[in-house]
2 protein chains.
Amino acid sequence: MEYTVQKLAELAGVSARTLRYYDEIGLLKPGRIRTSGYRIYGRKEVDRLQQILFYRELGMPLEQIAAVLDSRDFSRLETLKEHRRHLLKKQQRLSQLLTNVEASISAAEGETVMNDKAKFEGFKKRAVEENEAKYGEEVRRKYGDAAVDRSNAQFLSMTEEGADRIKRIEEEMFTALEAGMDAGDPGGEAAQQAAALHREWLTFYWDSYNPEAHAGVADMYVADDRFKAYYDKQREGMAQFLRHAIHVYVKK
Amino acid sequence: MEYTVQKLAELAGVSARTLRYYDEIGLLKPGRIRTSGYRIYGRKEVDRLQQILFYRELGMPLEQIAAVLDSRDFSRLETLKEHRRHLLKKQQRLSQLLTNVEASISAAEGETVMNDKAKFEGFKKRAVEENEAKYGEEVRRKYGDAAVDRSNAQFLSMTEEGADRIKRIEEEMFTALEAGMDAGDPGGEAAQQAAALHREWLTFYWDSYNPEAHAGVADMYVADDRFKAYYDKQREGMAQFLRHAIHVYVKK
DNA sequence: GTTGACCTTGACGCTGCGTAAAGGTGTAGA
DNA sequence: TCTACACCTTTACGCAGCGTCAAGGTCAAC
């Protein structure tokens, strides 16, 4: 079964403009193009559009959707299972919103009292969800991500102790990195201290540690602009230096 | 309890920039401004922000949110009940998406077969939801709205017979309006025929008819740019002419 | 051949912010 | 009192993800 733009748009509940835009940015290319120039979409494209719409439902930016779908280890089945997990979480949040609105109705009818924090239950989870969609829960788990976690902790009122500990470790790590960069030696004491702290910092996300994964994270920091920017904002070249320090560290 | 920008932003799960923007567009003004220029939000603003976030959750444009919240007959309790209705509908759609993803998983595991249409169950409802949030379900019910309904029917595969009938009546009405405008007489046979057809068209949305409401709709067509544009796109001045014709019609 | 629905490309514009710069304010600690 | 840091302000640029429109070509039914 093949579709031209409008037909597929109707089928999927999107606009034809959206499909052309997705073609333009390379997110969803037509299966083939007629000599007339018409875009023709087939089974593969239909399936891919479904995946796109599931991710879009979560608020994931289109560029990232493309990256996920184009990655080497993409599997339709695994991705559908992931969608299911996300949708179940979204369902929980919706239940929270419903609880919130019921409580707000009671308060408005004068039956109960509601504090300001409770009035926003569910909305903060939306912020978290969008953060996760943007940065990817998988990415976070694999590589750690201070920006997202600080943001999430802020919203979710993570325990003070836990949040403080993460913060302290990170600060110490940055201090050690600065000293290491001053010394200019990725294998020096300060740099290796930073790498160890980084390892400790990762334990908040990992169930178990292994050096290869640690090195992989370090590579990611340099390869991915978001991470690189985070560290280089502290000091130019810090992401690269940290990567070097970690590579030395994991070889011990 | 009072909040500065960041504090309220954290509480509500939005950004400080968002709050400044809402102030800028008049959607959410601070309760007061310190001599320093700092925005200070109080209880009233907290409640209003909650309402804003509920509407935002539905995809309603900010300008329209402001219009609703600023209308004379705004009532916090009634609005909360409306939010509840919307959230319940959204919950249904989420259930559909979950059903869809389960079916897709079965299909991907080779257990079942899934047609293309089913792959997009739930996503089309999203389009409908956003249309309703944008145009307002209440507005639709009160005044009828061909553009939204055609769009919705398209997505929801409304029965062919019903959709055809709406379409036919509308076409006949436009034809009669053209003839009436050519004759230049809102009270003439053609114009009155158009008004009668318009009344018939409205019966798709109204449980009962009354002339005052019909006249009110006609006024709305001229007062609201969206409706005016829809008719004037057919022919310049058509909205105004239709209004005249209807006012004559309802006086009989 | 005609007509109307659909297709293309190109282009402008919009909503709702994110980000950054420059400079002022508030508060706790030395 | 001074300092440092977190927070505030305004201004301004830019962007994602389209919606809308124009001009012109294509397709299929009558």
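Here the structure is a predicted model, which means the values were calculated and not measured. Chain letters run A, B, ... following the sequence lines, proteins first and then strands; every chain starts at 1.
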Could you state the [atom1]-[atom2] distance from [X] to [N], rounded to the nearest angstrom?
X	N	atom1	atom2	value
B:Q6	D:dT9	CD	C1'	14 Å
B:Y3	C:dG26	OH	C1'	20 Å
B:K7	C:dT27	NZ	C1'	13 Å
A:E63	D:dA16	CD	C1'	10 Å
A:E2	D:dC27	CD	P	14 Å
B:L8	D:dC8	CG	C1'	15 Å
A:I52	D:dC18	CD1	C1'	15 Å
B:M60	C:dG16	CE	C1'	16 Å

Closest non-hydrogen atom pair between B:A12 and B:L49, with its separation
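Taking B:A12 first and B:L49 second, the nearest heavy atoms are CB-CD2, 3.6 Å.
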Determine: side-chain N/O of [X] to OP1/OP2 of [N], distance under 4.0 Å, yes or no.
X	N	value
B:Y22	C:dC17	yes
A:R20	C:dT8	yes
A:R56	D:dC18	yes

B:E2/B:R43 ion pair, N-O < 4.0 Å
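B:R43 and B:E2: not salt-bridged.
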Problem - Pairwise 5' ranking along DNA chain D for B:A16 and A:T18, keeping only the more 5' one - result: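 Checking each residue's closest nucleotide, the 5'-ward one belongs to B:A16.
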| field | Selection from D:dC7, D:dG19, C:dC6 that lies nearest to any side-chain heavy atom of A:R17 | value |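 Of the options given, the side chain of A:R17 lies nearest D:dG19.
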> Picking from C:dT15, C:dC7, D:dC7, which would you name as closest to the side chain of B:Y21?
Replying inline: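 Looking only at side-chain atoms, B:Y21 lies closest to C:dT15.
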- prompt: Who passes salt bridge (charged side-chain N to carboxylate O under 4.0 Å, His left out) against B:R17, sequence neighbours left out?
  reply: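 For B:R17 there are no salt bridge (charged side-chain N to carboxylate O under 4.0 Å, His left out) partners, ignoring immediate neighbours.
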Note to self: Quick one: does any side-chain atom of A:R76 pair with a main-chain N or O of A:R48 as donor and acceptor, under 3.5 Å?
What the structure shows: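 No; zero donor-acceptor contacts below 3.5 Å.
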Without placing hydrogens or testing angles, list every side-chain donor-acceptor pair under 3.5 Å for residues 175-182 of chain B, not counting sequence neighbours.
residue: B:T175; atom: OG1; partner: B:E171; partner atom: O; Å: 3.0
residue: B:E178; atom: OE1; partner: B:R235; partner atom: NH1; Å: 2.9
residue: B:D182; atom: OD1; partner: B:R235; partner atom: NH1; Å: 2.9
residue: B:D182; atom: OD1; partner: B:R235; partner atom: NH2; Å: 3.1

query: Taking only residues two or more places apart in sequence, or in another chain, which ones meet A:T35 in a side-chain contact (heavy atoms from CB on, under 4.5 Å)?
result: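 Here no residue qualifies.
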* For DNA chain C, find the residues of residues 23-51 of chain A with a heavy-atom distance under 4.0 Å and give them by number; none if there aren't any. =>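 Going residue by residue through residues 23-51 of chain A, the ones with a heavy atom under 4.0 Å of DNA chain C turn out to be A:G37, A:Y38, A:R39.
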Its dot-bracket string being built from Watson-Crick and G-U pairs below 3.5 Å, with | for another strand and [ ] for crossing, DNA chain D has the pattern ||||||||||||||||||||||||||||||
*Report yes if the side chains of B:L80 and B:Q51 come closer than 4.5 Å at any heavy-atom pair, otherwise no.*
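When only atoms from C-beta onward are counted, B:Q51 and B:L80 do touch, with a gap below 4.5 Å.
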Review point. Knowing that exactly one of B:L11, B:V46, B:L28, B:T4 qualifies, which makes a side chain to side chain contact (heavy atoms under 4.5 Å, CB included) with B:Y41?
Key: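 In the set B:L11, B:V46, B:L28, B:T4, the residue that makes a side chain to side chain contact (heavy atoms under 4.5 Å, CB included) with B:Y41 is B:L28.
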**Prompt:** Who are the ring-ring contact (aromatic ring centres under 6.0 Å, His included) partners of B:F54, not counting sequence neighbours?
**Reply:**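 With neighbours one apart ignored, the set is A:F123, B:H83.
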